[in-house]
Each structure stands twice: as structure tokens, then as C-alpha cells.
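Lettering of chains follows the sequences in order, A, B, ..., and the numbering in each one begins at 1.
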Amino acid sequence: MNFQLQHTDPKSNARAGVITTDHGTIETPIFMPVGTAGSVKAVHQRELKEDIKAQIILGNTYHLYLRPGLDIIERAGGLHKFNGWDRPILTDSGGYQVFSLSDNRKLKEDGAHFRSHIDGSKHLFTPENVVDIQRIIGADIIMAFDECTPGTADYDYAKQSMELTHRWLARGLAHFDETEPKYGYSQTYFPIVQGCVYPDLRKQSAEFIASQNREGNAIGGLAVGEPTDKMYEMIEVVNEILPKDRPRYLMGVGTPANILEGIERGVDMFDCVMPTRNGRNGMLFTNQGIMNMKNEKWKDDFSPIDSAGTSYVDSFYSKAYLRHLFHSQEFLAMQIASIHNLAFYLWLAGEARKHIIAGDFSSWKPQMVRQVSQRL
RNA sequence: GGGCAGUUACCAGAGUGGCCAAAUGGGGCAGACUGUAAAUCUGCUAGCUUACGCUUACGGUGGUUCGAAUCCAUCACUGCCCA
């Protein structure tokens with residue numbers, strides 16, 4: 001993997017760059033659609049490429065390991081071959097499941113002992129075997145196994161948790177460096193900063209992560225229960241330290257406004273389930289604000305879903321029709337909403353990039369934050 | 001013409017003397033969702049009220065009773081069966 005920094009905004013930390021992988025290039029800042037189980041829910045690969053213009057998508061170690069299982073993925077020739085996505089893939093390590101499935105696991109020094117949410121069977125995830133699993137899945141960018149610390153954790157817990165993540169990182173990195181990719185293209189390993197909402201812990205974590213000197217770095221443990229202002233503050237603290245010549249990935253974030261704020265603070269990569277999950281639940285994000293498509297007010301609004309939208313569905317379907325589809329629980333509703341939202345997120349990241357390159361990001365961004373935060 | 005069963009909130013449907021403004025579904029109206037256990041979850045859904053509470057309500061009318069969606073009479077309507 002390679003990262004070329006192309007432009008830096010003169011008035012903020014926003015930057016534009018290009019990541020090169022063996023599966024193609026990624027122009028940053030970028031939003032990465034989430035395809036946990038090897039599929040971006042409700043979205044066809046062709047739409048992902050042609051309509052949404054996704055450059056990289058995510059998969060998930062925990063979910064793909066449990067189902068379909070490593071044997072199938074390996075026999076398929078890796079996830080790219082299995083799901084037909086020939087562009088870059090990033091896999092999360094299962095660190096988020098340590099947080100989101102916390103009732104189903106026990107954390108120990110060796111790793112996370114999970115009870116499968118599917119059938120209750122027991123599985124141990126360690127920093128080492130999570131590398132092995134991600135070697136088999138074959139993502140271009142693979143993530144360290146961490147504990148995603150809840151945003152509400154107290155200082156002592158957050159400190160312990162961060163230290164565990166650091167110890168796990170050392171083990172994971174050592175194992176990564178002594179193993180090889182399986183499918184003839186290279187993989188890179190991103191370490192993850194933790195430290196919850198505590199500036200000194202974040203600083204300490206960022207310094208430790210930076211010292212590992214990897215090709216890219218991630219910021220985890222944000223948008224998990226802490227106030228939004230704290231999140232922004234933590235991004236600032238961390239990005240002060242993370243190397244400027246490497247991509248920075250803010251994991252799991254967020255709303256359109258969160259993304260713009262993140263870009264301004266020097267983040268290059270984002271992923272979030274929001275455009276897809278909220279889309280399936282009837283919420284549309286547009287450059288004019290947020291719409292709940294189930295609301296009565298759209299019932300006889302025959303105007304296009306998003307007249308300023310860049311995707312096919314935006315001008316082809318009307319608001320009234322989409323509302324009808326949601327009320328009728330038609331699959332098409334979820335498809336349209338997911339395509340629209342993802343296309344919008346990719347558009348937003350792309351616009352930010354253009355404005356960074358043009359040099360007027362700092363004047364463009366506040367106005368766009370206001371617009372996207374409105375409720376329609 | 002005769003017999004039987006029924007009529008409950010937007011719909012379906014439970015409730016057969018007080019714990020009933022009335023179970024449960026559905027529909028409707030809102031809200032939530034941030035490295036996906038999510039096509040999920042939550043709230044509201046007679047009127048007024050922030051709430052307490054008050055008012056009007058279980059086909060119509062009239063009774064019995066301290067008290068009726070629930071018991072009685074009668075009228076209307078619906079369904080099924082027999083001629």
C-alpha cells in the first residue's frame with residue numbers, strides 16, 4: 001500500500017490524497033460502505049461501482065469467520081473472488097464486536113472469548129488468529145484486534161482497556177510481520193488508537209500507535225456513547241500526533257456532519273453503517289438535510305427523491321413512491337434508500353476532496369454542515 | 001315465514017356485573033439507529049390536559065343494580081341454517 005498526500009487545506013488540517021493498493025486506488029478523503037457479511041446490505045455490486053462509485057468496501061472478521069467460515073472463503077479464493085468485488089477491501093478485526101456483542105464475550109489477556117450470536121458456540125479471537133483470519137479473507141487493509149472501549153468508560157477502565165489494546169497490537173503486528181498474504185497481492189495492517197474520552201490516554205495511545213510506523217493508522221473507540229464534542233476533541237488530540245504522511249482512518253463514523261468535521265481535523269477514511277442501516281429504516285441523507293421517508297408529509301410529494309442527487313434512483317423515483325414502498329415493506333424501498341444514501345456519502349467525501357484541492361474547503365464546509373444537519 | 005348466532009375503538013378481535021377508556025394483532029402517527037446480532041427497536045393511537053384528573057364511549061332506546069361493554073325488554077341491522 002502506498003499513500004500520496006496531494007493537497008493540504010491552508011486553513012485546517014483537511015487533506016486530499018491517493019491510496020494505492022493492489023486492487024486499485026482510493027482517492028481521499030473517502031467514505032467506505034460497510035459490507036459486514038461480505039455484502040453491502042441491499043446493494044448490488046454493479047450499483048456499488050457504477051451508481052454509488054464506491055472505491056473500497058468493508059468486511060468483518062468476526063461475521064465472516066462464523067459464516068460462511070474460513071474453509072469456504074479460502075476455497076473461493078478469498079473474499080474478492082467470493083463476492084465479486086475486485087476493488088480494495090478493508091476488514092474490521094472483530095474489535096467492534098467486543099463492544100457491540102459485549103454480553104456474549106469474556107475478555108482475557110489471551111483474547112476475546114466469544115459465544116456466537118448465531119448458535120451459541122464458543123470461539124476464541126486472539127490478536128494472532130485475527131491476523132490469520134484476515135489473511136484468509138484476503139482484505140487489502142486489515143485491522144488490529146482491539147477492544148473498542150465504550151465512550152462512557154471511566155478513566156481506570158479506559159486506561160486498562162487501552163493498555164490491553166496496545167499489548168494485543170504488539171502481538172498482532174509481530175504475527176502479521178511473520179506471515180504472508182495468501183493470494184498473491186499485498187496486505188497492510190492498521191493499528192488502532194484507543195483511550196476513550198481522556199486526552200492524556202488518547203495522546204499516549206496515538207504516540208504508541210505512531211511509533212509502530214505502519215502504512216496507515218486508525219482511530220477507534222469514538223461515536224460509542226461519548227458526547228460529539230468529545231469525539232471532535234479526541235480526533236484533534238490524536239491527529240496532532242499521528243504521522244501526516246500516512247492515511248488516518250476514523251472507524252465507524254458517522255453522520256454527514258461528523259464526516260465533514262473529521263475531514264477538517266485531518267481524517268482521510270471513514271466507514272459507517274448509518275447510510276445503509278438508517279436507509280433501510282427509512283432515513284435519507286441529502287445535501288439539504290435528513291428526511292424520514294415514512295413520514296406522512298411525503299405521501300403526495302411526487303418530486304424526485306433528491307433533485308440534486310448524483311445517483312440514478314434520485315431522479316428516477318419520487319418521494320411519494322418511495323414512501324409508498326416503505327409503507328408496503330417492499331424490498332425496493334431498502335435498495336433505493338441504501339443506494340441513495342451511499343451515493344450521497346460518496347458524493348460528500350468527493351466534494352470535500354474537490355474543495356480541499358481547490359483551496360476553499362474552509363469556507364465550503366461550515367455551510368455544508370448546516371445544510372446536511374437540517375431536518376426536512 | 002321460522003330457528004340460531006352476532007353487532008366492542010381506524011380494521012380484525014378478546015372481554016360476559018366493579019381490577020375496563022377496554023387484552024392482543026394489524027393499520028396509522030412519530031422517534032431512535034455511528035468499525036451492522038438491525039428489512040430492527042421504542043413510544044403514542046376517544047376528547048381536553050404537562051400530569052393528576054375530568055368528559056364522552058362497547059348498534060339504538062328503555063330498564064334492573066350502589067355499580068352495566070357485561071343482566072333484562074324492545075327496536076334496528078348483519079350472517080348462517082330450515083321452509
Side-chain angles (χ1 to χ4, degrees), chain A residues 31-43 56-64 66-67 89-105 114-120 130 134 139 141-151 165 190-194 218-228 231-232 248-259 261-262 267 269-285 290 292-299 323 325-338 341 345 375:
Chain A
F31 178 79
M32 309 181 284
V34 180
T36 304
S39 156
V40 177
K41 294 185 194 299
V43 180
I56 170 173
I57 64 172
L58 262 66
N60 183 281
T61 301
Y62 169 87
H63 290 276
L64 290 168
L66 288 181
R67 197 164 54 191
I89 294 178
L90 180 153
T91 41
D92 184 35
S93 60
Y96 186 71
Q97 280 62 44
V98 172
F99 163 76
S100 66
L101 299 176
S102 60
D103 292 344
N104 295 303
R105 56 74 177 163
F114 274 96
R115 197 168 274 285
S116 160
H117 69 285
I118 299 167
D119 64 4
V130 162
Q134 292 182 102
I141 300 171
I142 74 177
M143 301 304 300
F145 192 48
D146 65 335
E147 179 188 7
C148 176
T149 315
T165 289
F190 282 19
I192 304 170
V193 174
Q194 288 291 342
I219 308 167
L222 290 175
V224 283
E226 81 286 1
T228 305
M231 170 167 78
Y232 296 152
R248 300 164 175 150
Y249 164 29
L250 176 57
M251 305 184 75
V253 176
T255 65
N258 291 163
I259 287 171
E261 298 293 348
V267 175
M269 304 162 71
F270 301 85
D271 78 284
C272 190
V273 303
M274 213 175 244
T276 42
R277 180 192 287 167
N278 289 29
R280 290 194 305 280
N281 293 330
M283 182 182 285
L284 256 58
F285 299 93
I290 297 162
N292 182 343
M293 290 315 300
K294 293 178 181 171
N295 285 175
E296 190 169 26
K297 60 185 149 198
W298 310 117
K299 74 175 175 193
R323 176 180 191 271
L325 293 177
F326 270 112
H327 277 259
S328 306
Q329 296 176 61
E330 286 291 337
F331 298 144
L332 185 57
M334 292 179 283
Q335 295 180 38
I336 292 171
S338 300
N341 280 346
Y345 267 63
R375 294 198 75 107

Residue whose nearest RNA chain B nucleotide is more 5′ - A:Thr255 or A:Leu101: A:Thr255

If you assign each of A:Lys294 and A:Gly59 to its closest nucleotide in RNA chain B, which residue comes earlier from the 5' end? A:Gly59

Please state whether the phosphate of [N], meaning OP1 or OP2, lies under 4.0 angstrom from any side-chain nitrogen or oxygen of [X].
| X | N | answer |
| --- | --- | --- |
| A:Arg277 | B:U34 | yes |
| A:Asn292 | B:A30 | no |
| A:Arg67 | B:U36 | no |
| A:Asn104 | B:A37 | no |
| A:Asn295 | B:A30 | yes |

Just name whichever nucleotide pairs with [N], Watson-Crick or G-U, keeping both distances under 3.5 Å, else none.
| N | value |
| --- | --- |
| B:U7 | B:A76 |
| B:G1 | B:C82 |
| B:C71 | B:G63 |

Distance between the [atom1] atoms of [N] and [M], in whole angstroms?
| N | M | atom1 | answer |
| --- | --- | --- | --- |
| B:C80 | B:A32 | C1' | 49 Å |
| B:A30 | B:U36 | P | 31 Å |
| B:A46 | B:C58 | P | 15 Å |
| B:G47 | B:U56 | C1' | 8 Å |
| B:G15 | B:C33 | C1' | 38 Å |
| B:G59 | B:A5 | C1' | 16 Å |
| B:C71 | B:G18 | P | 11 Å |
| B:U8 | B:U42 | P | 30 Å |

Starting from [atom2] on [N], measure out to [atom1] on [X] and report it in whole angstrom.
| X | N | atom1 | atom2 | result |
| --- | --- | --- | --- | --- |
| A:Asn341 | B:A39 | CG | P | 15 Å |
| A:Met269 | B:U34 | CE | P | 21 Å |
| A:Asn278 | B:C41 | CG | C1' | 12 Å |
| A:Leu64 | B:A37 | CG | P | 12 Å |
| A:Tyr345 | B:G35 | OH | C1' | 14 Å |
| A:His327 | B:A39 | NE2 | C1' | 14 Å |
| A:Met283 | B:G31 | CE | P | 8 Å |
| A:Met274 | B:C41 | CE | P | 19 Å |

Has the side chain of [X] got a donor or acceptor atom that lies under 3.5 Å from a matching backbone atom of [Y]?
| X | Y | answer |
| --- | --- | --- |
| A:Asn281 | A:Asn278 | no |
| A:Gln329 | A:Phe326 | no |
| A:Asn60 | A:Tyr62 | yes |
| A:Asp92 | A:Met251 | no |
| A:Thr165 | A:Glu147 | yes |

For the residue pair A:Tyr249 and A:Asp271, confirm or rule out a side-chain donor-acceptor distance under 3.5 Å. yes

Counting only distance, no hydrogens or angles, is the base of B:G35 paired donor-acceptor with the side chain of A:Asp146 under 3.5 Å? yes

State which of B:G35, B:U34, B:A39 makes the closest approach to the side chain of A:Val253. B:U34

